[in-house]
Every structure is written in C-alpha cells, then in structure tokens.
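Have a look at the structure below before the remarks.
All chains are named by letter (A, B, ...) in the order of the sequence lines, taking the proteins before the strands, and each is independently numbered beginning at 1.
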2 protein chains.
Amino acid sequence: MPDRTYSISDLASEFGVTTRTIRFYEEKGLVHPRREGQKRLYSAADRVRIKLILRGKRIGMSLQESVEVIDLYDPEHNNEEQLHSLISTVREKRERLLQQKKDIDDMLAGLDEVQSLCEQALQDKPASPTTRNRQRR
Amino acid sequence: MPDRTYSISDLASEFGVTTRTIRFYEEKGLVHPRREGQKRLYSAADRVRIKLILRGKRIGMSLQESVEVIDLYDPEHNNEEQLHSLISTVREKRERLLQQKKDIDDMLAGLDEVQSLCEQALQDKPASPTTRNRQRR
DNA sequence: TCTCAAGTTTACGTTTACGTCAACGTAATT
DNA sequence: AATTACGTTGACGTAAACGTAAACTTGAGA
C-alpha cells in the first residue's frame with residue numbers, strides 16, 4: 001500500500017518528536033501535508049522528508065541545510081549551468097561530510113583510549129576498598 | 001617549545017572564529033586562560049580544548065556535550081563505581097557516533113546518486129543550446 | 001448526549017550560541 | 001601628543017528550534 005497516510009501523532013511517535021515539532025517544520029515550509037478537513041494527512045513522501053530532516057539534525061545540520069540536501073534529489077535542474085552548479089554543491093556537501101567522518105573517527109579513537117585506560121585501572125585494583133573493609137571486620 | 005602561549009586573536013584566526021566566540025567559551029567555563037595583566041594568555045592545553053570543542057561542534061554537539069567528552073580524558077575517576085559509569089558513558093557516546101557515521105554514509109550514498117544522475121544528464125545533451133546557436137550563426 | 005482523545009490555531013517563552021555596539025585600557029608607532 | 005592596533009568588560013540583540021499554555025473543534029465511543 002504505497003498510498004498509505006499518516007496522522008501527525010503517528011509520525012511524532014514514530015520519530016520520537018512532538019507534534020509541535022512537526023507543525024513547526026510545516027510553518028517553516030519543510031513539509032506540506034494535505035488536509036482532510038482540519039486534520040493534516042501525511043503521505044509516504046512527507047514521512048520520508050521528515051525522516052531525512054531528522055537524519056540531518058543528528059549530524060548537526062540546520063533544518064534549512066537538510067532541506068537543501070533533500071532538494072538536490074528532485075530534478076528542478078534543466079539546463080547545463082544548473083547541472084554544473086548542482087555538481088559543485090554536491091562536492092561541497094561531500095567534503096563537509098568527509099570532514100565530519102574524520103572528526104567522528106578521531107573522537108572514537110579517543111573513546112577507545114579512555115576505555116582501555118579504564119579497564120586497565122580496574123584490573124590493577126580488582127578488589128574495591130569497601131569490599132576489603134567489609135571482609136576485614 | 002611546549003610552553004608556548006597564544007593571544008586570543010591568534011586562536012581566533014587559527015580556528016576561524018571571532019574573539020567574541022572564545023570569550024564566550026570562557027564565560028561558559030569551557031576554558032580558563034591565564035592572565036598577563038589584563039590580557040588573556042592561552043596555553044597549548046587551552047588551545048587543544050578549544051580545538052576539541054570546535055570539533056564537537058562540527059558533528060553537531062552542544063558546547064556542554066563537547067566539554068563532557070573532553071572531561072572524560074582527565075582522571076577524576078578514582079573508585080570502581082566511577083570507572084564503571086565512565087565506561088558506560090563511553091559506550092553511549094560511541095553508539096551515537098556510530099549512528100552519525102551511518103547517517104553520513106547514507107547521505108554520501110545519496111550524493112553519489114545525485115551526481116551520477118547529473119553527469120548522465122550532461123552526457124545525454126553534450127552541446128548546450130547556446131553553443132548550438134552560436135555555431136549555427 | 002456527553003465525554004474524551006486527538007487535533008487545531010495563536011501567541012508568548014526559552015535555550016543555545018554567539019553578534020554587535022559602547023566605552024574604555026595599554027603598548028607601540030609616528 | 002596623537003594615532004593605531006589589540007585588548008578589555010558590560011549590556012543588549014538575534015536567529016534557530018522548538019516548548020508551553022490557552023482556547024477551540026471534531027469525530028468516535030460509553
């Protein structure tokens with residue numbers, strides 16, 4: 001059923017955000033759900049847009065920037081000039097993402113180090129002082 | 001020279017931020033530079049802290065969260081309980097970072113797709129209309 | 001019919017991360 | 001002595017991304 005629709009609270013609970021958040025995205029023009037009377041009806045495409053926006057948020061993108069990335073997909077680019085500028089936009093986005101990956105890898109390496117230091121410290125004193133005291137008395 | 005110091009504008013220009021930004025970090029207790037009279041004097045350690053904060057920012061961390069990560073490095077953890085909670089903190093951070101890496105890879109895949117569609121579209125019409133017109137006249 | 005959950009609009013509040021003056025100090029240069 | 005560069009402390013402003021409260025509607029069920 002590719003034409004399934006979603007209520008606002010469907011999506012809110014699915015994505016772990018409030019309905020206020022989703023309405024806010026609409027205020028900002030990030031999504032345009034249909035209306036059934038008063039109620040908002042979200043299509044599968046709307047759902048994907050929100051999902052992609054939240055993905056962008058997780059890696060520190062602003063809402064506007066996420067939309068910018070999402071809009072790279074729909075072909076509004078007809079002439080050669082637009083295609084070239086699109087390609088260079090893609091290149092810039094990609095460079096930033098690669099930098100972010102590097103930042104993440106660096107941070108992961110730091111966490112590994114912290115963890116092994118921790119585990120070593122736990123090895124060096126296998127019995128805690130409290131345990132020792134309890135045993136002696 | 002491991003005891004080199006930096007002025008506020010040294011660091012600002014090195015990291016591409018304003019001096020206001022660095023003073024703001026101090027207001028928030030993220031760095032504590034020494035003073036020479038009125039002026040702030042930043043040590044190599046201060047510089048690294050700022051660098052790590054900015055790294056955190058690039059991957060969407062708040063300033064507080066970056067500090068939290070940075071503070072994992074200095075051993076304030078003496079007893080067993082603290083060590084265990086530190087390890088579980090590390091685990092949580094790592095999980096989030098891995099999710100972010102996945103998000104980035106997904107987005108990179110999307111960009112690849114956009115780019116190849118672009119290049120194909122450019123292949124399909126190798127001569128632009130303007131070029132054609134110029135050649136015909 | 002009454003209620004109750006789910007939805008709606010409007011509007012003001014909040015947090016984070018700085019920007020932007022203003023007004024002043026200090027040290028070197030002209 | 002005056003300019004210039006660099007620094008300082010307030011203090012207020014702002015944009016983004018929602019939170020929160022108020023007051024209303026609407027469709028489904030007891």
Side-chain angles (χ1 to χ4, degrees), chain A residues 4-43 46-47 49-71 93 96 99-100 103, chain B residues 4-43 46-47 49-71 93 96 99-100 103:
Chain A
R4 196 199 143 173
T5 64
Y6 306 83
S7 77
I8 192 168
S9 45
D10 284 346
L11 296 184
S13 71
E14 177 180 354
F15 294 128
V17 300
T18 67
T19 60
R20 175 69 180 93
T21 298
I22 296 182
R23 280 189 214 102
F24 176 75
Y25 291 169
E26 185 176 348
E27 278 182 43
K28 292 286 160 172
L30 310 190
V31 278
H32 311 282
R34 306 200 326 268
R35 296 292 182 122
E36 185 177 22
Q38 179 94 312
K39 311 270 177 86
R40 290 164 170 84
L41 269 193
Y42 295 85
S43 69
D46 293 327
R47 180 176 161 280
R49 273 185 84 85
I50 294 178
K51 187 172 187 157
L52 293 184
I53 290 167
L54 296 174
R55 183 187 70 182
K57 273 194 56 178
R58 283 198 300 275
I59 60 173
M61 286 184 163
S62 73
L63 300 184
Q64 284 311 320
E65 197 181 355
S66 287
V67 170
E68 208 177 302
V69 170
I70 292 169
D71 288 347
K93 300 290 180 192
R96 170 161 165 200
Q99 171 67 53
Q100 288 185 260
D103 287 330
Chain B
R4 195 199 145 174
T5 65
Y6 305 84
S7 76
I8 193 169
S9 44
D10 284 347
L11 295 184
S13 71
E14 177 180 356
F15 294 128
V17 299
T18 67
T19 60
R20 176 69 181 96
T21 297
I22 296 181
R23 278 188 217 103
F24 177 75
Y25 291 168
E26 186 177 348
E27 278 182 42
K28 292 286 160 174
L30 310 190
V31 277
H32 311 283
R34 308 198 326 268
R35 294 294 181 119
E36 185 177 24
Q38 179 94 315
K39 310 273 177 83
R40 289 163 170 86
L41 269 193
Y42 295 85
S43 68
D46 293 327
R47 179 176 162 280
R49 272 186 87 83
I50 295 177
K51 188 172 186 157
L52 294 184
I53 290 166
L54 296 174
R55 182 186 70 181
K57 275 194 52 178
R58 283 197 299 273
I59 59 174
M61 288 184 162
S62 74
L63 299 183
Q64 285 308 321
E65 198 181 355
S66 286
V67 170
E68 208 178 299
V69 170
I70 292 169
D71 288 347
K93 300 292 180 191
R96 169 160 164 201
Q99 171 66 53
Q100 288 185 261
D103 287 330

For A/Glu36 and D/dT26, what is the distance between atoms CD and C1' respectively, to the nearest whole Å? 12 Å

Which residues share a side chain to side chain contact (heavy atoms under 4.5 Å, CB included) with B/Ile70, sequence neighbours left out: B/Arg49, B/Leu52, B/Ile53

According to side chain to side chain contact (heavy atoms under 4.5 Å, CB included), who are the partners of A/Ser62, at least two apart in sequence or on a separate chain? A/Gln64, A/Glu65

Find the distance between CG (B/Leu41) and CD1 (B/Ile8) and round it off to the nearest 0.5 Å. 11.0 Å

For A/Thr5, enumerate each residue passing the side chain to side chain donor-acceptor pair (under 3.5 Å) test, keeping only those at least two apart in sequence or located in another chain. none

Can you list the residues that meet the side chain to side chain contact (heavy atoms under 4.5 Å, CB included) rule with A/Lys51, with sequence neighbours excluded? A/Phe15, A/Arg47

Name the pairs: protein N/O against N/O of nucleotides 8-10 of chain D, kept only if under 3.5 Å.
from: D/dT8; atom 1: OP1; to: B/Arg40; atom 2: N; distance (Å): 3.0
from: D/dT8; atom 1: OP1; to: B/Arg40; atom 2: NH1; distance (Å): 2.9
from: D/dT8; atom 1: OP2; to: B/Arg23; atom 2: NE; distance (Å): 3.2
from: D/dT8; atom 1: OP2; to: B/Arg23; atom 2: NH2; distance (Å): 3.1
from: D/dT8; atom 1: O5'; to: B/Arg40; atom 2: NH1; distance (Å): 3.0
from: D/dT9; atom 1: OP1; to: B/Arg35; atom 2: NH1; distance (Å): 3.3
from: D/dT9; atom 1: OP1; to: B/Arg35; atom 2: NH2; distance (Å): 2.9
from: D/dT9; atom 1: OP1; to: B/Arg40; atom 2: NH2; distance (Å): 3.3
from: D/dT9; atom 1: OP2; to: B/Arg40; atom 2: NH1; distance (Å): 2.8
from: D/dT9; atom 1: OP2; to: B/Arg40; atom 2: NH2; distance (Å): 2.6

Among residues at least two apart in sequence or on other chains, which ones pass side chain to side chain donor-acceptor pair (under 3.5 Å) with B/Asp103? A/Arg58, B/Gln99

Please check the phosphate of D/dA17 (OP1 and OP2 only) for any side-chain N or O of A/Tyr25 closer than 4.0 Å. no

Going from CD1 on B/Ile59 to CG on B/Leu54, what distance comes out if it is rounded to the nearest 0.5 angstrom? 12.0 Å

Min and max contacting nt of DNA chain C in 5' to 3' order, chain B heavy atoms within under 4.0 angstrom, are C/dA17 to C/dT20

Those residues of residues 54-66 of chain A lying under 4.0 Å from DNA chain D by at least one heavy atom: A/Lys57, A/Ser62, A/Leu63

Both B/Glu27 and B/Asp10 contact DNA chain D. Taking the nearest nucleotide for each, which residue is further toward the 5' end? B/Asp10

Examine D/dA17: is either OP1 or OP2 under 4.0 Å from a nitrogen or oxygen in the side chain of A/Thr21? Give yes or no. no

Test of understanding: with side chain to side chain donor-acceptor pair (under 3.5 Å), list the residues that count as partners of B/Ser7, not counting sequence neighbours. B/Ser9, B/Asp10

Taking distance alone, no hydrogens or angles, what donor-acceptor pairs closer than 3.5 Å link side-chain atoms of residues 23-30 of chain B to residues at least two apart or in another chain?
from: B/Glu26; atom 1: OE1; to: B/Arg40; atom 2: NE; distance (Å): 2.5

For A/Lys93, check side chain to side chain donor-acceptor pair (under 3.5 Å) against everything at least two apart and list the hits. A/Glu68

